[in-house]
2 protein chains.
Amino acid sequence: MSNERFMERITSRENQNIKRMVKLMKSRKERMESGRFVAEGPKLCAEAASAGIVLDELYCTAEAREKYSQRLALLYPKASVCCEISGDLARKLADTNSPQGVYAVCRRPQPVLDECSLPFGRYLALESLQDPGNVGTILRAADAFGADGVILTADCPDLFSPKVLRSTMGSAFRVPVCVTGDLPALLVQLGATYATYAATLSDDAVSIRSCDFSGPSVVAVGNEGNGLSRAAIDACAHNLIIDMRGGAESLNAAMAATVILWELSGKR
Amino acid sequence: MSNERFMERITSRENQNIKRMVKLMKSRKERMESGRFVAEGPKLCAEAASAGIVLDELYCTAEAREKYSQRLALLYPKASVCCEISGDLARKLADTNSPQGVYAVCRRPQPVLDECSLPFGRYLALESLQDPGNVGTILRAADAFGADGVILTADCPDLFSPKVLRSTMGSAFRVPVCVTGDLPALLVQLGATYATYAATLSDDAVSIRSCDFSGPSVVAVGNEGNGLSRAAIDACAHNLIIDMRGGAESLNAAMAATVILWELSGKR
């Protein structure tokens, strides 16, 4: 264990670095302005590092250094600063009830997809989603089923908030993401070369089972409560529906997106 | 509004009926022994009533009686007892942060499917799931995609706990359910006439896309952390896998079940 890298032991929440980390965990504005985010837990920190994300600072409890020694040994050389924190401090910092005592301040990757030059592929577009857990689950499905990327409106939850990060299980580091301020305009623009679909419950929608996703395709999914905006629906060339035969009125956004990503993946 | 049905106004948590309701919300044992459960919110109460579930007692705040007057008017004649509760009491009872002030004590339906005589169909079996939200989401997907029923091991969360009920959005009242104390034995027994599949990540598993679900079929899904037990896998005739091409190590149980239910539904 490269103990010499551990520069100090921090026990107080009043420590400047710790205060900054708390801010990064709580505030999207802070994350955007500083270009940093916090990864919590040895697994997520390792996923970040292996996805090429730069680790500025690593904070571990003595207990965690022992318990996760193998995984952490790979991280020590990658972090500019390594500090030990007390177990008490780790519990105060934790976003969960079972903190693992490992935190890394990381450089936020830029959205890797430019909306003006999306590579051809199969994309899911999310409009104004609200629930961080839903967005995380959807990113994970996009990763599992190999979507070429996810388009998010700027008002969706930040992918680098602790909650979204935890529910993505590292997929936020791997799935190419494009953030757009104007989804309808982007859908119209893509419509020139992509098949564009709005996921709706409308009567004129075609079954997703009969959609042809063999070429470049994008499927737009709307907000949990209200579905897609009229402007986004109008911007798409087609409406698609996920066939339901039972009694449930609708699927939640994460389930709908999972089925869409599954179908996108199966029809290459 | 049939005001004459409202027998009293309750403001105290010490009221015997209220104390019993709190117990029903908190304790699975209480729900099982009394054969009752509590539905919270006007929508869920209405879903219960329209699914033929008997409402013993209905409790509403004055505000809720006004706000949800149309929906509640249909419920008043169905409940044996209607009482008004204070807003303060409603907030204390609430399982959510935004209580709607409507509670019904309902008769718990018996599991409608007898494991000794399951009607032919397409079933999902859940082994030892832990998360109430997952179970609720899966029931909702089973409802949406028209599965013939869901088989649950006895150690899965109770479908009539407030958390599961909320995440099922009423599907718990509609989806036929079979509770089993011995899933491997049931799978072996079903294997005589059903195609039985274990959802695993094993190398010899066949892609779910190539499975034939045209006849009676059951797919077993395991616990969130550990997957299916060895005994359950061995009891199934086939292993199936949900094809993944991306970087995510696995899907969560709810996502996996959603894809399975979707495929079961599409291959009738």
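Protein chains get the first letters and strands the later ones, always in sequence-line order, with residue 1 at the start of each.
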A.B. asks: With rounding to the nearest 0.5 Å, note down the distance linking CG in A:N252 to OG1 in B:T258.
C.D. replies: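 Here the interatomic distance stands at 7.5 Å.
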A.B. asks: Can you check side-chain contact (heavy atoms from CB on, under 4.5 Å) on B:T137 and A:M255, steps first, answer last?
C.D. replies: CA-CA 8 Å; B:T137 302; A:M255 293 155 71; 3.3 Å; yes
A.B. asks: Go through the steps to decide whether A:W262 and B:R209 satisfy the test side-chain contact (heavy atoms from CB on, under 4.5 Å), and finish with yes or no.
C.D. replies: CA-CA 10 Å; A:W262 170 251; B:R209 295 196 200 273; 3.4 Å; yes
A.B. asks: What part of A:T168 is in contact with chain B, defined as an atom under 4.5 angstrom from a non-hydrogen atom: side chain, backbone, both or neither?
C.D. replies: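 Neither part, no heavy atoms under 4.5 Å.
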A.B. asks: Under 4.5 Å from any heavy atom of chain B, what part of A:M169 do you find: side chain, backbone, both or neither?
C.D. replies: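 Contact with chain B involves no heavy atom of A:M169 at all.
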A.B. asks: How long is the span from the CZ atom in B:F145 to the CD1 atom in A:I242, to the nearest 0.5 Å?
C.D. replies: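 Those atoms lie 6.0 Å apart.
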